[in-house]
> 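Have a look at this one.
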Amino acid sequence: MEDKELKLTIIIPTWNLGEATKTKEILEEHGSPDLDVIILNSPNTSAVDNLAKGGEMPGDIIGFLHDDVRVFTKDWDKDVVRFFESHPKCGMLGFGGAVGLGTDNLYQAPYDYHQLARVRFMSNMVDAEDHGDRVIVPQRVAVLDGFSQIIRREAYGEVGGWRKVRNMGLTFHMYDAAMACMMAEHGWEVWMLPVSCEHLGGRTSVSKAYDSWLRSQGIKGDQQVHEEAHKVIYRRFRHILPLRVEA
């Protein structure tokens with residue numbers, strides 16, 4: 001008897017229903033007929049809280065994509081499933097990632113949040129060279145960009161999922177770093193799959209609705225969230241940072 005194919009579910013957490021609907025249409029247009037794409041439209045909720053809601057949805061593999069991602073590879077979802085099936089140690093994959101997280105002198109020099117920068121970012125995005133290196137074969141990475149994080153259910157449960165990330169105090173920044181570090185803690189591999197895609201990016205941080213929501217929570221703006229999130233990663237994952245893999 002043949003093993004049953006793993007079931008992939010894609011979650012799009014969003015504050016912008018119109019943008020997310022466009023993304024859903026493009027994902028489905030280039031995906032296979034049985035692809036499930038679920039939009040979670042939850043305004044005035046943190047990104048990580050929305051991700052955690054998505055983590056409760058069914059699926060052997062659960063993918064979390066930003067609402068402004070455009071994927072152009074035909075049947076890209078089948079490529080994702082096949083990769084997980086052929087790489088049992090892969091806990092998470094995405095469409096853009098870096099071989100390192102954190103500078104070599106992390107914890108040796110005085111703290112600066114720039115020390116938690118990614119090292120050698122790779123993708124097959126349409127503007128890949130603007131962000132790092134273009135690659136056209138799968139690559140093992142240390143950390144993914146948050147715009148695409150597709151996670152094996154077994155790994156998601158083992159590391160504690162997005163609720164564990166939220167319990168660290170993370171809301172809108174560095175949740176991708178946290179998930180990568182949690183995967184490393186538990187021995188799961190992280191991979192970059194060179195799917196042709198585009199991430200429009202940078203919209204939430206300049207959104208007036210987002211800024212108003214932050215200030216209603218007593219937060220002075222996105223920069224405060226950004227800086228505090230880096231401190232969480234710096235303190236919480238001292239035992240494994242900096243992360244490195246060979247590519």
Side-chain angles (χ1 to χ4, degrees), residues 1-11 31-32 35-36 51-52 54-65 71 73 75-102 116 118-125 132-165 168 174-197 233 236-247:
M1 181 176 177
E2 293 184 1
D3 291 336
K4 184 179 178 181
E5 183 179 89
L6 297 175
K7 174 62 178 176
L8 170 65
T9 302
I10 297 297
I11 305 297
S32 58
L35 174 64
D36 283 344
L51 290 169
E56 298 171 358
M57 300 298 171
D60 305 304
I61 306 165
I62 188 154
F64 304 90
L65 301 186
V71 175
T73 298
D75 290 340
W76 62 273
D77 56 313
K78 293 298 183 184
D79 292 341
V80 167
V81 170
R82 281 192 292 266
F83 193 89
F84 275 108
E85 289 177 338
S86 61
H87 294 76
K89 292 184 179 180
C90 176
M92 177 169 69
L93 66 78
F95 309 144
V99 300
L101 175 65
L116 284 169
R118 298 180 300 210
V119 178
R120 195 189 165 206
F121 187 81
M122 302 177 294
S123 74
N124 192 29
M125 293 191 289
D133 297 338
R134 181 179 299 279
V135 295
I136 57 173
V137 295
Q139 298 280 350
R140 178 94 182 271
V141 294
V143 61
L144 296 172
D145 188 284
F147 80 84
S148 59
Q149 297 175 97
I150 305 174
I151 307 175
R152 187 187 298 271
R153 173 67 66 181
E154 179 186 353
Y156 185 82
E158 184 176 319
V159 305
W162 295 118
R163 295 206 179 280
K164 184 173 181 179
V165 174
M168 295 178 194
M174 297 300 283
Y175 54 87
D176 45 7
M179 185 59 75
C181 289
M182 287 159 56
M183 289 286 166
E185 282 182 320
H186 290 266
W188 288 100
E189 294 178 356
V190 179
W191 285 78
M192 190 286 301
L193 196 65
V195 166
S196 176
C197 64
I233 300 300
R236 169 65 175 78
F237 296 106
R238 190 184 187 101
H239 60 296
I240 58 171
L241 287 172
L243 286 182
R244 294 288 187 273
V245 298
E246 294 184 5

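Here the structure is a predicted model, which is why all the values come from computation and not from measurement.
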> How many angstroms lie between atom CE of M174 and atom CE of M168, to the nearest 0.5 angstrom?
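Atom-to-atom, M174:CE and M168:CE are 11.5 Å apart.
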> Go through the steps for I151 and W188 under the test side chain to side chain contact (heavy atoms under 4.5 Å, CB included), then give the verdict.
CA-CA 10 Å; I151 307 175; W188 288 100; over 6 Å; no
> Does the side chain of R120 come within less than 4.5 Å of D133's, by heavy atoms?
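Yes, close enough: below the 4.5 Å cut-off.
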> How close do F64 and L51 get, counting heavy atoms only, and between which atoms?
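Answer, listing the atom of F64 first, then L51: CE2-O, 3.4 Å.
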> Determine whether a donor-acceptor pair (N or O, by modelled atom type, separation under 3.5 Å) exists between the side chain of R134 and the backbone of M125.
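Such a contact is found between R134 side chain and M125 backbone.
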> Using the rule given for side chain to side chain contact (heavy atoms under 4.5 Å, CB included), can you reason through L8 versus D60, listing the C-alpha separation, both sets of side-chain angles and the distance that settles it, and then say yes or no?
CA-CA 6 Å; L8 170 65; D60 305 304; over 6 Å; no
> Could you give the distance from CE (M183) to CD (E158), rounded to the nearest 0.5 Å?
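Interatomic distance, M183 CE to E158 CD, rounded to 0.5 Å: 8.5 Å.
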> Closest approach of P194 and V135, non-hydrogen atoms and distance?
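Taking P194 first and V135 second, the nearest heavy atoms are CB-O, 3.5 Å.
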> Would you check if C197 and N124 make a side-chain contact, meaning some heavy-atom pair closer than 4.5 Å?
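Not in contact.
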> Quick check against the 3.5 Å criterion: does D77 have a side-chain atom that pairs as donor or acceptor with the backbone of S32?
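The answer is yes, because a donor-acceptor pair under 3.5 Å joins these two groups.
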> Measuring from atom CD1 of I150 to atom CD1 of I61, what distance do you get when rounded to the nearest 0.5 angstrom?
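Going from CD1 on I150 over to CD1 on I61, the span is 8.5 Å.
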> Is any side-chain heavy atom of L101 closer than 4.5 Å to one of P242?
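Side chain of P242 against side chain of L101, heavy atoms only: no contact under 4.5 Å found.
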> Any side-chain heavy atom of I10 sitting closer than 4.5 Å to one from L65?
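Result yes, sub-4.5 Å side-chain heavy-atom pair found.
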> Evaluate the criterion side chain to side chain contact (heavy atoms under 4.5 Å, CB included) for residue pair F121 and D145; output intermediate values, then yes/no.
CA-CA 9 Å; F121 187 81; D145 188 284; 3.9 Å; yes
> Quick one: pull up CE in M92 and CH2 in W191 and give me the separation to the nearest 0.5 Å.
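That separation rounds to 13.5 Å.
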> For W76 and F95, take the angle between the two ring planes, folded into 0 to 90°, and tell me which bin it lands in: parallel under 30, tilted 30 to 60, perpendicular over 60.
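Plane angle over 60°, so perpendicular.
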> Could you tell me if the side chain of R244 sits less than 4.5 Å from the side chain of V99, heavy atoms only?
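They are not in side-chain contact.
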> Taking all non-hydrogen atoms of both residues, which atom of V81 and which atom of E5 are closest, and how far apart?
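Shortest heavy-atom contact: CG1-CG, 3.7 Å.
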> Would you name the heavy atoms of V119 and G102 that are closest together and state the gap between them?
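Heavy atoms only, the tightest pair is CG2-O, 3.9 Å.
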> Return yes when atom NZ of K89 has more than 12 non-hydrogen atoms of other residues, nucleotides or ligands closer than 6.0 Å, and no otherwise.
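No, the 6.0 Å shell around NZ holds no more than 12 heavy atoms from other groups.
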> May I ask you to test the E56-R163 pair for a side-chain heavy-atom distance under 4.5 Å?
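A side-chain contact exists here, since the closest heavy-atom pair is under 4.5 Å.
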> Please answer whether the main-chain N or O of L6 pairs with a side-chain N or O of E85 as donor and acceptor at a distance below 3.5 Å.
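Yes, because the side chain of E85 sits within donor-acceptor range (under 3.5 Å) of the backbone of L6.
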> Measure across V143 and G100 and return the closest heavy-atom pair with its distance rounded to 0.1 Å.
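Closest pair (atom of V143, atom of G100, distance): CG1-O, 3.9 Å.
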> How close do R140 and M122 get, counting heavy atoms only, and between which atoms?
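So the two residues come closest at O-CE, 4.4 Å.
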> By the side chain to side chain donor-acceptor pair (under 3.5 Å) test, which pairs, at least two apart or in different chains, include something from residues 147-157?
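For residues 147-157: none.
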> Ignoring hydrogens and geometry, is there a side-chain-to-backbone donor-acceptor pair from T9 to D36 under 3.5 Å?
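Between the backbone of D36 and the side chain of T9 there is no qualifying donor-acceptor contact (under 3.5 Å).
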> Let me confirm one number: the CG-CG distance from L93 to D79, rounded to the nearest 0.5 Å.
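One finds 10.5 Å between CG of L93 and CG of D79.
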> Please step through side chain to side chain contact (heavy atoms under 4.5 Å, CB included) for the pair S123 and V195, ending with a clear verdict.
CA-CA 8 Å; S123 74; V195 166; over 6 Å; no
> Quick one: CG on L193 to SG on C90, what's the gap to the nearest 0.5 Å?
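Answer rounded to 0.5 Å: 9.0 Å.
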